[in-house]
Amino acid sequence: MDVQSTPIDYVPIFFQMLVALGFVVLTMTITHLIGPKRKTSDKLSPFEAGIEVIGNARAPFSIKYFMVAILFVLFDIEVIFMYPWAVNFREFGVEGLIEMFIFMATLLLGFIYVIKKKALEWDK
């Protein structure tokens, strides 16, 4: 027997979404209307991790900071690919060993490229 869905089957889902959205809007509106409104200089000042803000938050960072972070993530991801390989090392045999050598060689070439471009030097 072939069961087909009709638009009327989606009415309960639509009704549930409507009730959930209505609850959120109603709750936020009521708390905004009846909640306390005490604006002080302490509440209006920016606060980050218990430290008073000094200076502009949009101070420029050196691109080296972001390069090191991206390179760390890039080379750290290699470990994610190496764990399954190490667990199944015997099952992969010589072919798996050759593929891992190719993978490691590719990473080594990338690392040599990074060193040649002096992306890890902080002085410049």
Side-chain angles (χ1 to χ4, degrees):
M1 186 164 163
D2 193 16
V3 179
Q4 292 184 353
S5 61
T6 59
I8 196 74
D9 294 335
Y10 295 101
V11 170
I13 297 171
F14 177 73
F15 183 69
Q16 184 177 8
M17 289 173 50
L18 191 65
V19 168
L21 185 65
F23 176 75
V24 169
V25 170
L26 183 70
T27 305
M28 290 181 70
T29 304
I30 290 174
T31 56
H32 179 71
L33 293 175
I34 66 173
K37 295 169 185 64
R38 297 183 195 106
K39 296 180 181 178
T40 63
S41 62
D42 287 338
K43 287 185 180 182
L44 296 176
S45 67
F47 182 76
E48 181 68 32
I51 300 171
E52 290 292 327
V53 178
I54 300 172
N56 187 0
R58 300 204 177 16
F61 280 95
S62 172
I63 191 68
K64 298 289 183 181
Y65 173 78
F66 297 107
M67 285 295 296
V68 169
I70 290 170
L71 290 172
F72 171 76
V73 170
L74 179 71
F75 287 109
D76 194 46
I77 294 297
E78 75 185 49
V79 176
I80 293 172
F81 291 111
M82 292 175 80
Y83 276 128
W85 174 80
V87 169
N88 299 315
F89 175 72
R90 287 197 173 98
E91 294 174 22
F92 293 145
V94 176
E95 185 179 328
L97 183 64
I98 293 170
E99 289 176 0
M100 184 50 70
F101 278 140
I102 292 170
F103 177 70
M104 293 302 292
T106 306
L107 287 172
L108 183 63
L109 284 174
F111 189 64
I112 291 170
Y113 176 78
V114 166
I115 290 174
K116 292 253 187 205
K117 288 291 185 176
K118 299 179 181 178
L120 299 176
E121 290 184 15
W122 288 95
D123 296 337
K124 296 178 181 182

* Asked: Counting distance only, does the side-chain N/O of Asn88 pair as donor-acceptor with the main-chain N or O of Trp85 below 3.5 Å?
  -> no

* To do: Check whether Phe15 and Ile8 end up in the same hydrophobic cluster, where Ile, Leu, Val, Met, Phe, Trp and Tyr are linked by side-chain heavy atoms less than 4.5 Å apart.
  => no

* Is there a donor-acceptor pair closer than 3.5 Å between any side-chain N or O of Lys39 and the backbone N or O of Lys37? -> no

* Do Phe89 and Leu97 come within less than 4.5 Å of each other through their side chains, counting heavy atoms only? -> yes

* To do: Step by step, work out the side chain to side chain contact (heavy atoms under 4.5 Å, CB included) result for Leu109 and Tyr113.
  => CA-CA 6 Å; Leu109 284 174; Tyr113 176 78; over 6 Å; no

* **Verify same cluster id: Met28, Phe23 (apolar side-chain graph, 4.5 Å)** => no

* In terms of heavy-atom contacts, does CZ of Phe92 have more than 12 from other residues, nucleotides or ligands at under 6.0 Å? -> yes

* Asked: Could you give the distance from CE (Met82) to CE (Met104), rounded to the nearest 0.5 Å?
  -> 4.0 Å

* Asked: Are Ile77 and Phe103 joined in one hydrophobic group, where the rule is that I, L, V, M, F, W and Y side chains link up if heavy atoms are under 4.5 Å apart?
  -> yes

* State whether the number of non-hydrogen atoms from other residues, nucleotides or ligands found under 6.0 Å of Phe66 atom CZ is greater than 12. => yes

* Asked: To the nearest 0.5 Å, what is the distance between CE (Met100) and CD (Glu95)?
  -> 13.0 Å

* side-chain contact (heavy atoms from CB on, under 4.5 Å) against Leu33, all qualifying residues, sequence neighbours excluded -> Thr29

* Is there a path from Ile80 to Phe72 through hydrophobic residues (I, L, V, M, F, W, Y) whose side chains come within less than 4.5 Å of each other? -> yes

* **CD1-CG distance between Ile13 and Leu18, expressed to the nearest 0.5 angstrom** => 13.5 Å

* Atom CG of Leu26 and atom OG1 of Thr31: how far apart are they, to the nearest 0.5 Å? -> 9.5 Å

* Asked: Can you get from Val73 to Val68 by hopping between Ile, Leu, Val, Met, Phe, Trp and Tyr side chains that sit under 4.5 Å apart?
  -> yes

* Structure fact -> Note: Leu107 and Phe75 closest approach over all heavy atoms is O-CE2, 3.6 Å

* Partners meeting side-chain contact (heavy atoms from CB on, under 4.5 Å) with Leu108 (sequence neighbours left out) -> Ile112

